[in-house]
Amino acid sequence: MRLVGLVAIIFLLSAQQLIAQPLIAQPLDNTSHSDNYSVGVPRYVPPPLAHYRLTFGMGLNAGHVTDAPLAYAGSAVYESGHSIFGAGFIVSANNPQQPPYNTLSEFDILYGYAFDETLARYESKPGFFHASISTGIGLETYNQRWRHFGRRGFVQDSLFLPNTLEFSPCVPVQFQAVYEPLPYVGIGSLLFLSVSKFTPSYGATVFLEARY
């Protein structure tokens, strides 16, 4: 009986010591599992940030709606972080059945600020949004032609009004917004304003973008 009592005392002391010891949580190492396997869908790798953008589109020059309303615009831009630097052109013209033939051409050097955002979509790859605002300095030319070349050579359309060509420095301001559903292609809109000695140009175009 004494032996049984001694064994019982030893058992109780051992159990009390085990209960008093703190439990130490062991970290779970999931590194090898997460590196070799993916759960649900393949891991998405976003495309690299675009640094070069080319755009070309057409629209309306509301500032010259009476003499050169059709606007064609293009640009080449380098982007680094939130800064952009590039060059662009806007050519506005009319399409008359008879003279005069008016052309307003603008060539710009631009610097500005860019903003890029990822647009998450459920169960599909995300899209991307790009916006920028820029200004700089440019040169505008206004060409009005009353004569043109026909099949028989030089044709005089008016005996009284000569062709004219004028130049003026300008200050452009441009805003772009682009939706980029594909890795290297986007579609967007350009709002533009240009102030010079001519009638101010302002309007909008819709363009396609290629980026890399």
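Bear in mind the structure is a predicted one, so any value in this text is a computation, not a measurement.
Judged by distance alone, the side chain of Asn102 and the main-chain N or O of Asp67 form a donor-acceptor pair under 3.5 Å. Using a distance-only test at 3.5 Å, with no hydrogens or angles considered, no donor-acceptor pair links the side chain of Ser201 to the main chain of Leu193.
Phe192 forms part of a hydrophobic cluster together with Ile90, Val178, Leu190, Phe207, judged by ILVMFWY side-chain heavy-atom separations under 4.5 Å. Under the 4.5 angstrom side-chain criterion for Ile, Leu, Val, Met, Phe, Trp and Tyr, the cluster partners of Met58 are Leu70, Tyr72.
At a threshold of 4.5 Å between non-hydrogen side-chain atoms, the residues Ser105 and Asn143 do not count as touching. A 4.5 Å side-chain heavy-atom check between Arg145 and Pro100 finds every atom pair outside the cut-off. The closest side-chain heavy-atom distance from Pro162 to Trp146 is not below 4.5 Å. Side chains of Lys197 and Glu166 form a contact here, defined as non-hydrogen atoms less than 4.5 Å apart. Under the 4.5 Å side-chain criterion, counting only non-hydrogen atoms from C-beta, Leu104 is in contact with Glu140. Leu54 places none of its side-chain heavy atoms less than 4.5 Å from the side chain of Arg211. Contact of the Phe85 side chain with the Ser80 side chain is not registered, since no non-hydrogen atoms from C-beta on lie closer than 4.5 Å.
For Ser75, the side-chain hydrogen bond (donor to acceptor under 3.5 Å, both in side chains) partners at least two apart in sequence or on another chain are Thr55. For Gln176, there are no side-chain hydrogen bond (donor to acceptor under 3.5 Å, both in side chains) partners at least two apart in sequence or on another chain. Checked against side-chain hydrogen bond (donor to acceptor under 3.5 Å, both in side chains), Thr103 has no partners two or more places apart in sequence or in another chain.
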Item to complete: Take His64 and Asn61 through the side-chain hydrogen bond (donor to acceptor under 3.5 Å, both in side chains) test and state the conclusion after the steps.
Response: CA-CA 6 Å; His64 288 261; Asn61 187 337; 5.0 Å; no

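Under the 4.5 Å side-chain heavy-atom criterion for ILVMFWY residues, no single connected hydrophobic cluster contains both Phe107 and Ile109.
Nearest heavy-atom pair, Pro169 versus Ser196, reported as atom, atom and distance to 0.1 Å: O-CB, 3.3 Å.
Ring pair His82/Tyr113 is parallel by interplanar angle, where below 30° counts as parallel and above 60° as perpendicular. The aromatic rings of Tyr52 and Tyr78 sit tilted relative to each other, their planes meeting at an angle between 30° and 60°.
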Cut-off 3.5 Å, no hydrogens considered: what does the side-chain donor-acceptor table look like for residues 126-138, sequence neighbours left out?
unit_1, atom_1, unit_2, atom_2, d
His130, ND1, Arg53, NH2, 3.4
His130, ND1, Asp116, OD1, 2.9
Thr135, OG1, Pro172, O, 2.7

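Around CZ of Phe89, the count of heavy atoms belonging to other residues, nucleotides or ligands within 6.0 Å exceeds 12.
For the atom pair Asp108 CG and Leu139 CG, the distance stands at 9.0 Å (nearest 0.5 Å). Atom CG of Leu110 sits about 5.0 Å away from atom CD of Gln174, to the nearest 0.5 Å.
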